[in-house]
Amino acid sequence: MSVERYNPREAEPRWQQVWDDAKSFVTNTDDPREPYYVLEMFPYPSGRIHMGHVRNYTLGDVVARFQRAKGKNVLHPMGWDAFGLPAENAAMERGLNPGTWTRQNITAMKAQLKSMGLSIDWTREIATCEPEYYSHQQSMFIDMLEAGLITRKKSKVNWDPVDMTVLANEQVIDGKGWRSGAAVEQRELTQWFFKISDYAEELLSALDGLTDWPEKVRTMQRNWIGKSEGLRLRFELVDGAEAGASSIEVFTTRPDTIFGASFIALSPDHPLTTVLAANNAELSEFVAECHRMGTATEAIETAEKRGYRTALTVKHPAIDGATLPVYVANFVLMDYGTGAIFGCPAHDQRDLDFARKYDLPVKPVVLPPGGDAATFAVANDAYTDAGSIFNSGFLDGLSIEEAKKAAAAHFAARLVDGQPQGQVEVNYRLRDWGLSRQRYWGAPIPIIHCEVCGTLPVPKKDLPVVLPDDVTFDKPGNALDHHPTWKHVNCPQCGGAARRETDTMDTFVDSSWYFARFTAPHADTPTIPAVANRWLPVDQYIGGIEHAILHLLYSRFFTRAMKATGHLGLDEPFKGMFTQGMVTHETYKSEDGRWLSPEEVRFETVDGERRATEIANGRPARIGAIEKISKSKRNGTDPDDILKVYGADAARWFILSDSPPERDVEWTEAGVEGASRFQQRIWRLVGETIEIAKQSAGIVRASDDDEALALRKSVHRAVHNVGGDIEGLRFNRAVAQIYELTNALVRSAGLVAVAPAARLSALEEGVARLIQLIAPMMPHLAETCWEALGKDGLVADAAWPAVDAAMLVDDTVTMPIQLNGKRRGEIVVAKGLPAAEVEKRVLSLDEIVRMLDGKAPKKIVIVPDRIVNVVV
RNA sequence: GCGGGCGUGGUGGAAUGGUAGACACACCAGACUUAAAAUCUGGAGGGGGUAUCCCCGUGCGGGUUCGAGUCCCGCCGCCCGCACCA
């Protein structure tokens, strides 16, 4: 019997067209079925999809198709994160308009995504660079401004001298711009900010409720928000006349160590430092030096603690008559706490280093458990663990926690300058989100600056503020700013000459609400709240770990801000979050050290050792490490080529099969070929089943024999397990289950020919179920098989097969028999056989009798239907 | 330094405290073929006896348990994130 080979090149485009024509994946909000929203992070339209996209969208598509089969009304949309720097870079390099470049890329990538056979509702497609999208963003900006969620302030910003733009703190990595890699400078600019720090506590505490998020992501967000509780403490200056101040405020989380204080340190950026430096050239030079070190030094941890001793001293707040010197120190940050600290060298390593350098007292005030108060001293390691307080007046004998409370109460009750000397305070590391970008290719900030009336929002009737197309990129900086006419407008209030804001919004704003826009992508308001509230939160969001902090935190904030402005009715946008691993590939280098792409290398196995040869010149090539696919290492394969050679299904199947989705997966040619072979195996099984049925056409079907029943059981088990595995996103296990079922079906196909009357129905049923199981993963092959089997309609519309619980249980169980915990044999018994009966049977087994060698067992552990352990 | 994760055959990886290595990739042998491809059958953690058995084995050392890859304690190694945050 010969069956024609399955041809994905023919079948895949055909089914994609069928789904399109049937509007199979178009979703209606009115549909009464239970809604399910699955979303993958939308791509930046760089021009071509990469393997990371293939993985991301395959994972999401399996979930979407599975939930559809389970009877849910599934929303599975796709769009484009279309603003951003690369479009401007392309404009500069190739003279293309950023909009033209971006829209071309979208067209190309959409075709690629379509060829993957994704079950996407393309009628909901959005691109953030279109006025239809960003006009709503502008209108929400105005709403949020009016609601007090946005503020404008002068602030020191991270300036990227190569990209000529401001960067958010999150976009500065090791003091360098995240895109350009250039050393970031500090500049003072007036910027727009989302007041995300107002939500710090809520964004932190709500993390506890996000139980369907990876622990890792939640931890990263917790650290990023960086909550610390402590005391704001005021130190009176002995003589502050020179500086025009009477006290210095510090923030501390260790008020319990106040008796161990030996100095005060100010940040180089502290206002008091600035005042002092004005009349002090030496200090001024020290401050300048700190600034040079600031961002340039990568090895901050090795940076020396340095300080400048000012003329100031403060009174010790708890020890009468004692004073502390005031330093300016390079390690004190202005933008955390109050920009000033007190140093307790005995119990803080940094303070200790500083104290040793400047010969300041090191007075221990925390005694380790079992320590001797008379002799305990700190040498080169600060003591930071638990203990009891000593050398500390009214705090003596307390634990650290008790002493913190006691100190806080003590200082809260004392007045200095008519105010409490100490105040309990919570500090967060999270800063406000600066959204201004000095860039053309982004959503214009809808603001007008009038000399007379000030800074005004653009009236909503005048929205959108549309980006002009006629821009040039012949000089660096913001092309919008260079535009001859665009920024000149009349003031909406007084009608006089005014100027548009030429800054555009950070692209993270665009991606902070697109998931909500998908629920009503054509509405003339940002959202239709009733519709958005029906769909949101996203049931399953899938994307890369690289967005664990920025995008997810901003989206969580934006959802709250949209709630505050009446656009949404919920706080958390993503109920389930999943972060996928990377796609990696082997790397290859030529003899002379050039990176070689997989296509440039040929392999052979000599004496069991895999060897590579550079095809171009026949010279040996080096097989290197397995690394994330990257352009620079040339270790990638273009998904387009894979799709053309093997088809979408083979690519999808392989990327699902090889590794758990949260781990990295190594892309191998052999692996895709294996997936391709498996497709043919399924196709042959279907052909064989049809053939057997045809030959048995006249036979009267009888009821199942044992063989048929066993087959049915393995089918039910597979349906049950695969469903559970997909729900748990354990796709690699689902794949393994499907392989097992396929093996069982192929085996039994041979047996069915022997007794078709009693076995054929079980086989036919089993093959049909198998096709439904593979449908979420290999949808085109599944449709082709479904059609060949003569089934009605599309498998994409078929309901997930029901599982008969009775078919999941067996009548007999195989119980392993252990002797002292080591497996020595097994026994097949009826399920539920009483322990006494099992014991009798076990002890009468020849092998057990032999091994017991006449000894009586001390104990026999029997776990019903599981295991027997004989202890001697 | 702080936080999170991981460590199982040649490889990717399976295993509610209960038969370690499912399933796949790669490999080897055989069948079919003039041959190759495709396909089918079989083999395989390591070591020894080399049918039918025994010993060892989940990074290392302890512990709990009838029983530990899994739980606890102490190490080692790798990966990721954050990091002068007071």
Side-chain angles (χ1 to χ4, degrees), chain A residues 2 5 174 214-224 226-228 230-231 250-255 257 265 267 293-294 297 300-305 329-333 335-344 348-351 353-354 384 427-429 545-546 548-549 581 605 608-610 626 653-654 657-660 662-666 668-675 677-678 680-681 684 730 732-743 746 750 814-826 847 857-863 865-872:
Chain A
S2 81
R5 286 175 65 79
D174 293 334
E215 192 51 52
K216 181 179 183 172
V217 174
R218 294 200 286 167
T219 305
M220 283 165 76
Q221 293 216 350
R222 273 189 203 104
N223 292 342
W224 191 260
K227 179 180 184 173
S228 60
L231 195 68
V250 306
F251 175 72
T252 179
T253 55
R254 295 294 303 273
T257 64
S267 163
M293 298 250 310
T297 315
I300 280 172
E301 62 183 281
T302 60
E304 207 181 348
K305 307 286 176 271
N330 64 343
F331 62 90
V332 181
L333 306 173
D335 63 354
Y336 188 80
T338 62
I341 62 161
F342 82 75
C344 175
D348 182 290
Q349 191 59 45
R350 209 180 26 198
D351 296 347
D353 295 345
F354 191 83
T384 55
N427 258 298
Y428 299 91
R429 213 178 67 99
I545 187 76
E546 67 274 19
I549 297 175
T605 305
E609 192 194 340
R610 212 162 131 262
I626 295 159
W653 183 256
F654 170 64
S657 68
D658 222 41
S659 295
E662 69 277 12
R663 286 199 216 167
D664 292 351
V665 63
E666 187 196 349
T668 64
E669 316 310 313
V672 200
E673 272 163 32
R677 277 199 299 275
F678 180 62
Q680 300 300 341
R681 188 167 152 87
R684 281 195 308 275
R730 298 179 295 263
N732 58 318
R733 289 210 328 203
V735 163
Q737 297 281 351
I738 290 174
Y739 273 118
E740 269 181 272
L741 176 62
T742 307
N743 290 342
V746 167
T814 303
M815 295 175 75
I817 301 167
Q818 297 180 331
L819 194 70
N820 292 332
K822 284 185 184 177
R823 185 181 178 281
R824 284 296 130 100
E826 61 184 35
E847 61 216 89
K858 268 192 219 139
K859 186 174 178 184
I860 298 177
V861 180
I862 296 171
V863 183
D865 297 339
R866 291 229 77 135
I867 201 163
V868 180
N869 192 8
V870 181
V871 186
V872 290

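All chains are named by letter (A, B, ...) in the order of the sequence lines, taking the proteins before the strands, and each is independently numbered beginning at 1.
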J.: Could you check A:V332 against A:V868 and say which one's nearest nucleotide on RNA chain B is further toward the 5' end?
T.: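 Mapping each residue to its closest nucleotide by heavy atoms, the 5'-most match is A:V868.
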
J.: Compare the minimum distances between each of B:A83, B:U19, B:G4 and the side chain of A:W224, then state the nucleotide with the smallest one.
T.: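 That would be B:A83.
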
J.: Report the residue from A:T252, A:D351, A:L333, A:D348 that forms a side-chain contact (heavy atoms from CB on, under 4.5 Å) with A:I341.
T.: A:D351

J.: Can you list the residues that meet the ring pair (Phe, Tyr, Trp, His ring centres under 6.0 Å) rule with A:F654, with sequence neighbours excluded?
T.: A:W667

J.: Looking only at side-chain atoms of A:S659, point me to the closest of B:G13, B:G18, B:A20.
T.: B:G13

J.: Return the pairing partner of B:G1 with a 3.5 Å limit on both distances, Watson-Crick or G-U wobble; otherwise return none.
T.: B:C82

J.: Could you state the atom-to-atom distance from CZ of A:F354 to P of B:A86 in whole Å?
T.: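 Checked: the CZ to P distance equals 18 Å.
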
J.: Nearest to the A:I549 side chain among B:C82, B:C84, B:A14, which nucleotide is it?
T.: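 Output: B:C82.
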
J.: Measure from the side chain of A:Y739, starting at C-beta and using heavy atoms only, and say which of B:A86, B:G18, B:C23 lies closest.
T.: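 Of B:A86, B:G18, B:C23, B:C23 is nearest to the side chain of A:Y739.
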
J.: Any idea which heavy atoms bring A:N869 and A:G821 closest together, and the distance?
T.: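 Looks like OD1-N, 3.0 Å.
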
J.: Please report, rounded to the nearest Å, how far the C1' atom of B:A83 is from the OH atom of A:Y428.
T.: 20 Å

J.: For B:G67 and B:C6, measure between their P atoms and round to the nearest Å.
T.: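 Each nucleotide's P atom is 27 Å from the other's.
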
J.: With rounding to the closest Å, how many angstrom separate the C1' atoms on B:C56 and B:G49?
T.: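 Roughly 15 Å separates the two C1' atoms.
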
J.: I'd like to check A:I867 versus A:R823 (side-chain heavy atoms, cut-off strictly below 4.5 Å). Are they in contact?
T.: no

J.: Looking at A:K305 and B:C84, is any side-chain donor or acceptor paired with a base atom of the opposite kind under 3.5 Å?
T.: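 Check passes, donor-acceptor contact within cut-off.
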
J.: Using nucleotides 28-33 of chain B, report all nitrogen or oxygen pairs with the protein that are shorter than 3.5 Å.
T.:
none

J.: Is any side-chain N or O of A:N743 closer than 4.0 Å to OP1 or OP2 of B:A24?
T.: yes

J.: Is there a side-chain contact between A:V746 and A:R684 in this structure, where contact means two heavy atoms from C-beta onward sitting under 4.5 Å apart?
T.: no

J.: Just confirming the chi classification of B:G9, syn or anti, using 90° around 0 as the syn window.
T.: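 This nucleotide is in syn.
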
J.: Hey, is the side chain of A:R222 poking within less than 4.0 Å of OP1 or OP2 on B:C82, counting only N and O atoms?
T.: no

J.: Which nucleotide in the list B:C80, B:C23, B:A86 gets nearest to the side chain of A:K216?
T.: B:C80

J.: According to the Watson-Crick and G-U wobble definitions, with both distances under 3.5 Å, which nucleotide is paired to B:C6?
T.: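 For B:C6, the partner nucleotide comes out as B:G77, under the 3.5 Å rule.
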
J.: Taking any heavy-atom pair under 4.0 Å as a contact, classify A:V735: base, sugar-phosphate, or nothing.
T.: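 No contact.
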
J.: Can you tell if the side chain of A:T219 reaches within under 4.5 Å of the side chain of A:K216, non-hydrogen atoms only?
T.: no

J.: What distance, rounded to whole Å, do you find between the two P atoms, one in B:U52 and one in B:G4?
T.: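 Between the two P atoms, the distance is 49 Å.
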
J.: When the distance from OH of A:Y336 to P of B:C82 is rounded to whole Å, what number comes out?
T.: 18 Å

J.: Out of B:A86, B:G18, B:G3, which nucleotide sits closest to the side chain of A:T219?
T.: B:G3

J.: Quantified in whole Å, what is the C1' atom distance between nucleotide B:G62 and nucleotide B:G13?
T.: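 My reading of the C1' atoms in B:G62 and B:G13 gives 29 Å.
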
J.: Specify the closest pair of heavy atoms between A:R254 and A:F342, including all atoms of both residues, with the distance to one decimal.
T.: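 In terms of heavy atoms, the two residues are closest at O-CZ, 3.8 Å.
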
J.: What is the minimum heavy-atom distance between A:G226 and A:Y336, and which atoms define it?
T.: O-OH, 4.3 Å

J.: Sticking with atom P, work out how far B:G43 lies from B:G59, rounded to a whole angstrom.
T.: 28 Å

J.: Hey, does the side chain of A:N732 come within less than 4.0 Å of B:A24's phosphate (OP1/OP2), counting only N and O?
T.: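 Checking B:A24 against A:N732, no side-chain N or O comes under 4.0 Å of OP1 or OP2.
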
J.: Working to the nearest 0.5 Å, report the span between OG1 of A:T253 and CG of A:N427.
T.: 10.0 Å

J.: With rounding to the closest Å, how many angstrom separate the P atoms on B:C54 and B:G7?
T.: 31 Å

J.: Round to a whole Å and report the spacing from CG of A:D865 to P of B:U19.
T.: 14 Å

J.: Rounded to whole angstrom units, what separation is found between the CD atom of A:Q221 and the P atom of B:G81?
T.: 16 Å

J.: Say we look at B:G9 and B:A20: how far apart would their C1' atoms be, to the nearest angstrom?
T.: 11 Å

J.: Checking base pairs now: Watson-Crick or wobble, both atom distances under 3.5 Å. What partners B:U39?
T.: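 Looking at the geometry, B:U39 pairs with B:A31.
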
J.: With respect to the side chain of A:P660, which nucleotide from B:A14, B:C23, B:C66 is positioned closest?
T.: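 Per side-chain heavy atoms of A:P660, the pick is B:A14.
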
J.: Under 4.0 Å between a side-chain N/O of A:S228 and OP1 or OP2 of B:A86, yes or no?
T.: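 Yes, within the criterion.
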
J.: Can you tell which of B:G4, B:G18, B:A86 lies closest to the side chain of A:I867?
T.: B:G18

J.: Under the side-chain contact (heavy atoms from CB on, under 4.5 Å) test against A:I738, which residue among A:L741, A:V735, A:T742 passes?
T.: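 Exactly one option meets the side-chain contact (heavy atoms from CB on, under 4.5 Å) with A:I738, and it is A:T742.
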
J.: Under 4.0 Å between any heavy atoms, over every strand shown, what does A:V871 touch: base, sugar-phosphate, or nothing? Just pick one.
T.: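 Here A:V871 touches the backbone only, sparing every base.
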
J.: Using a 4.0 Å heavy-atom cut-off across all strands, classify A:P214 as base, sugar-phosphate, or nothing.
T.: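 Nothing: the residue A:P214, judged by heavy atoms under 4.0 Å, touches no strand.
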
J.: When the distance from CD1 of A:I738 to P of B:A14 is rounded to whole Å, what number comes out?
T.: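 Distance, rounded to whole Å: 16 Å.
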
J.: Applying a 3.5 Å limit to both distances, which nucleotide forms a Watson-Crick or G-U wobble pair with B:C23?
T.: B:G12

J.: Applying side chain to side chain contact (heavy atoms under 4.5 Å, CB included), run through A:K858 and A:N820 and close with a yes or a no.
T.: CA-CA 10 Å; A:K858 268 192 219 139; A:N820 292 332; over 6 Å; no

J.: Quickly work out the A:D664 CG to B:U11 C1' distance and round it to whole Å.
T.: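 It works out to 15 Å between those atoms.
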
J.: Can you check whether A:R730 has a side-chain N or O nearer than 4.0 Å to OP1 or OP2 of B:A14?
T.: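 It does not, given that no N or O in the side chain of A:R730 lies less than 4.0 Å from OP1 or OP2 of B:A14.
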
J.: Look at the aromatic rings of A:F678 and A:Y739 and report parallel, tilted or perpendicular, splitting at 30° and 60°.
T.: tilted

J.: Can you say whether a donor on the side chain of A:N223 sits under 3.5 Å from an acceptor on the base of B:C82, or the other way round?
T.: no

J.: Using the P atom as the reference point in each nucleotide, state the distance between B:A38 and B:C28 in Å, no decimals.
T.: 13 Å

J.: For the side chain of A:Q818, starting at C-beta, report the closest nucleotide among B:C23, B:U19, B:C84.
T.: B:U19

J.: Can you check each nucleotide of nucleotides 35-65 of chain B against protein heavy atoms at under 4.0 Å and return B for base, S for sugar-phosphate only, - for none, in 5' to 3' order?
T.: ---SSS--------------SS---------

